[in-house]
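What follows is one structure encoded as structure tokens, with my remarks underneath.
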2 protein chains.
Amino acid sequence: MKTDSGTVDLGAFDFECGVEIPSLEVAYESYGEFTGDNAVLVCHALTGSQNVAGYGSDTAGQARAWWNDIVGPGKAIDTNEYYVVCANVPGSCYGTTGPASEGPDGDPYGTDFPPVTVGDWTRSQRLLLDELGVGRLHAVVGGSVGGMNALDWVQRYPDDVRYLLAVATAGRLDPQCLALDAIARRAITTDPNWNGGDYYGVSDEGTESDGSSDSSDGGKTPDDGLALARQLGHVMYLSKASMERKFGRRAAGRDAQRDSFPTDPAASFFPYRDVESYLDYQAEKFVERFDANSYLYLTRAMDDYDLSEGYEDDADAVAAFEGEALLLSFTGDWHFTTEQAESLAESFRETSVPVAHHVVESDHGHDAFLVEPEKVGPPVRDFLESGVEGRSVHDTEEEPESLPDDRDFAPVHSSLFSR
Amino acid sequence: MKTDSGTVDLGAFDFECGVEIPSLEVAYESYGEFTGDNAVLVCHALTGSQNVAGYGSDTAGQARAWWNDIVGPGKAIDTNEYYVVCANVPGSCYGTTGPASEGPDGDPYGTDFPPVTVGDWTRSQRLLLDELGVGRLHAVVGGSVGGMNALDWVQRYPDDVRYLLAVATAGRLDPQCLALDAIARRAITTDPNWNGGDYYGVSDEGTESDGSSDSSDGGKTPDDGLALARQLGHVMYLSKASMERKFGRRAAGRDAQRDSFPTDPAASFFPYRDVESYLDYQAEKFVERFDANSYLYLTRAMDDYDLSEGYEDDADAVAAFEGEALLLSFTGDWHFTTEQAESLAESFRETSVPVAHHVVESDHGHDAFLVEPEKVGPPVRDFLESGVEGRSVHDTEEEPESLPDDRDFAPVHSSLFSR
């Protein structure tokens, strides 16, 4: 398989906020051969990277090969057939220009970096694809906030997309998620090491030092705040059921050390639980790979996204799109609910675009789109090949009679969390 | 109505952890006249106080009169009829000995205070009632972790309770709640002003100063960490539906200031949302009234509580109880779910104690037990008067035929969050 990875300098870039930077570099990877009409743009999630399928760069830590079960030769998004492109979004920290990048004055932008929106991501991807010689996309695919990115594509460039595949996403976050994201940002900005966003490579003596040592000793970068933000995110990505199965109330193994955070003497009377140990471990890994300012910027972009903004409603926002749309949602996902996906499906139905809302029965929570490839793969593969008529693609509007007896997905149901 | 409030010194107290302190003072309030068999013990929730009904002390801030809609003359827990006692739990900060209290050496205990368990709360209440001349209780009533406290009563002193009324509670927290509580504690202990728990009345110069000025200038007490912990708790107490209704995605009013926490310049491009403003306001109020170390201690007690500990299962734990039990749960509550309450009900059913599980249809989340008195009051009143046969008391096991046509509560249903 032909793969390519690199960074393209798009030159001066006007952000939606009205601020221009002189040079926006976009890091991307591509897999497969471009034949003119087989390009699939994959949009990554909040802390994801361009390294969707595990080739090319290996600098992305946990964000490496994040959808390797779905994208690759012979897989659901078959790189033998499609030319798959994934780009790191502006404001992130995997090679595309963001707060940690060097600004025009030679210092890191820090919080002088312009505010970023999902629209900025989409526009940067359009410019990148121009550079790569890609006009119309066979498909744009994204999960979570990457699904918002994909929705933004069909609103902004309706003629450029044949198939929209939006996974575990919504037209906008609900206030519960807005609240949790806000708390996560406060955890970062109240960490004294955040220092107003100015923590890059500056030691106590005010001299330059390499960021990695700051990061590893935990003394200079806002690791505690970023770790807390990540732990909150992690709880949002799981479900009660998956946490019960993974951890229960079990104490952590004997080797687990309660040393990620300061604690008080009374704590030692109580077990260090498996769930705490897991979150602590994941957070420690995360702070090694992600930039705290990027976390602020990208969550703000996600919180701000609203498909209907500037339109009458969601249906109006996607009215110009004439392709086909598949919405994939997961019953155990309380971050982006099946109800939100069904609401999106209704909007597409109003426009008479062929649309299907395929509900996957899963108690894995929001993470399901990453960890249940055997359920995600078939509808993805068949949709990319045949649109909503694809064999494994189901829809919430299907007549019960027309369903096979052994269908393994649940109908949309109202939940504790529905509005 | 006769009311009484005060502090009783119970003398030396052995905590379940094995540590003894020389003097445990318990702050309590009582309402109504004790006639020998009419005592009702009310157990407060995590950050509640003894001031259940708004008489007596007025030092409890938001914790003042926390169940005033339910407890009082002519109300569901009628103080003309019952002698209602509520006591602040050990480890809290409303007058009962806790981390902020002066220890034997004249300094605040801080984190030298022994770890506290729900069992310690129950035992301190038993001793207090002895002092007040109360033997057997007509009822023990509690909501949230106060409901765990009430469950602990019938496990520990089964002969001392006629009616158990456990509201919006569970036999134990699930791992999702354990995770969120752990994150909340980490927010406190990573606040540099927490200082290992030693932040009471010590100024920068190391001289004594009054705690209130520290608290109000926010410079010396771990206000940021405690505020974050409270905000997380607040999200747990609400539901998606109630947050949607209360806040939606609206921007806060023009007078709202984004000044509770440090922020970065890019934030000003995005709205300061109503939901953020609300959480910030609530958190500011909370840090004025609550002690950060108490928050650590009391959440640990809640996390640790497990009704079945030392027993075969929940049914075995309550097997010696021969009174009647009412479990009240709320459909929109994802902190303590209807499923958890139903599981408790099943355990009581195994013991052949008369039990009812009354499910209240509400989208107010966990807060429902505080903010829906018109739904909570009738079953509470009738249960205290007539047990599970009380007119307004319904049960999940009732035959559908026997229900009135206009019943306004939902059957137990499985949800996104069920196991």
Side-chain angles (χ1 to χ4, degrees), chain A residues 17 111-115 172-176 178-180 182-183 186-187 189-192 194 196-197 224-225 228 231-232 235 238-241 243-244 246-249 261-267 269-270 273 275-276 279 293 296-297 300 303-304 306 331-332 334 337 415-419, chain B residues 17 111-115 172-176 178-180 182-183 186-187 189-192 194 196-197 224-225 228 231-232 235 238-241 243-244 246-249 261-267 269-270 273 275-276 279 293 296-297 300 303-304 306 331-332 334 337 415-419:
Chain A
C17 63
T111 55
D112 291 334
F113 197 75
R172 64 203 56 79
L173 283 193
D174 68 36
Q176 186 185 57
L178 291 176
L180 291 169
I183 295 170
R186 284 155 171 66
T189 62
T190 57
D191 185 326
W194 179 63
D224 281 344
L228 285 173
Q231 295 193 332
L232 252 187
V235 174
L238 301 172
S239 67
K240 273 197 194 293
M243 295 186 81
E244 188 69 45
K246 270 171 119 95
F247 315 113
R249 292 175 47 91
F261 294 94
T263 192
D264 56 302
F269 176 66
F270 301 105
R273 293 186 192 277
V275 64
E276 295 177 87
L279 290 176
N293 280 333
L296 299 178
Y297 276 76
R300 284 229 177 75
D303 291 4
D304 183 60
D306 186 342
T331 52
W334 62 283
T337 66
S415 75
L416 284 186
F417 279 63
S418 65
R419 297 177 188 178
Chain B
C17 63
T111 54
D112 289 334
F113 196 76
R172 63 203 57 77
L173 283 192
D174 67 36
Q176 187 186 56
L178 292 176
L180 291 169
I183 295 169
R186 284 153 171 67
T189 62
T190 57
D191 185 327
W194 179 64
D224 281 345
L228 286 172
Q231 295 193 331
L232 253 187
V235 174
L238 301 173
S239 67
K240 274 196 192 295
M243 295 186 80
E244 188 70 46
K246 269 170 121 96
F247 314 113
R249 292 174 49 90
F261 294 94
T263 190
D264 57 303
F269 176 67
F270 301 105
R273 293 186 194 276
V275 63
E276 295 178 86
L279 290 176
N293 280 334
L296 300 178
Y297 276 75
R300 285 228 178 76
D303 291 4
D304 183 61
D306 187 341
T331 53
W334 61 283
T337 66
S415 75
L416 285 184
F417 280 63
S418 64
R419 297 178 185 176

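Throughout, a chain's letter reflects where its sequence line sits, starting with A, and its residues are numbered from 1.
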What is the distance from atom CG of B:Leu178 to atom CZ of A:Phe247, rounded to the nearest 0.5 Å?
->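 That separation rounds to 11.0 Å.
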Quick check on [X] against chain B: is it the side chain, the backbone, both or neither that has a heavy atom closer than 4.5 Å?
{"X": "A:Leu232", "result": "both"}
{"X": "A:Arg273", "result": "side chain"}
{"X": "A:Ile183", "result": "both"}

In the structure I gave you, are the side-chain heavy atoms of [X] and [Y] within less than 4.5 Å of one another anywhere?
{"X": "B:Arg249", "Y": "A:Leu173", "value": "yes"}
{"X": "A:Thr190", "Y": "B:Asp191", "value": "no"}
{"X": "A:Glu244", "Y": "B:Asp174", "value": "yes"}
{"X": "B:Leu238", "Y": "A:Gln176", "value": "no"}
{"X": "A:Arg300", "Y": "B:Asp264", "value": "yes"}

Could you tell me whether a side-chain N or O of A:Thr189 sits under 3.5 Å from a main-chain N or O of B:Thr263, the two making a donor and an acceptor?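 Side chain of A:Thr189 to backbone of B:Thr263, a donor-acceptor pair under 3.5 Å: no, none is there.
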Can you name the closest pair of heavy atoms from [X] and [Y] and give their distance?
{"X": "B:Val275", "Y": "A:Ala179", "result": "CG2-CB, 3.9 Å"}
{"X": "B:Pro192", "Y": "A:Pro192", "result": "CG-CG, 3.2 Å"}
{"X": "A:Lys240", "Y": "B:Trp334", "result": "NZ-O, 2.8 Å"}
{"X": "B:Trp194", "Y": "A:Pro262", "result": "CZ3-CB, 4.3 Å"}
{"X": "A:Gly248", "Y": "B:Pro175", "result": "O-CB, 3.2 Å"}
{"X": "A:Pro115", "Y": "B:Phe270", "result": "CB-CE1, 3.8 Å"}

### Query
If you count heavy-atom pairs under 4.5 Å with chain A, which of B:Pro265, B:Ala182, B:Gly196, B:Pro114 comes out on top?
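Maximum pair count with chain A is reached by B:Pro265.
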- Message: Looking at chain B, which one of A:Glu276, A:Gln231, A:Arg186 has the largest number of heavy-atom pairs inside 4.5 Å, strictly under?
- Response: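 Of A:Glu276, A:Gln231, A:Arg186, A:Arg186 has the most heavy-atom pairs under 4.5 Å with chain B.
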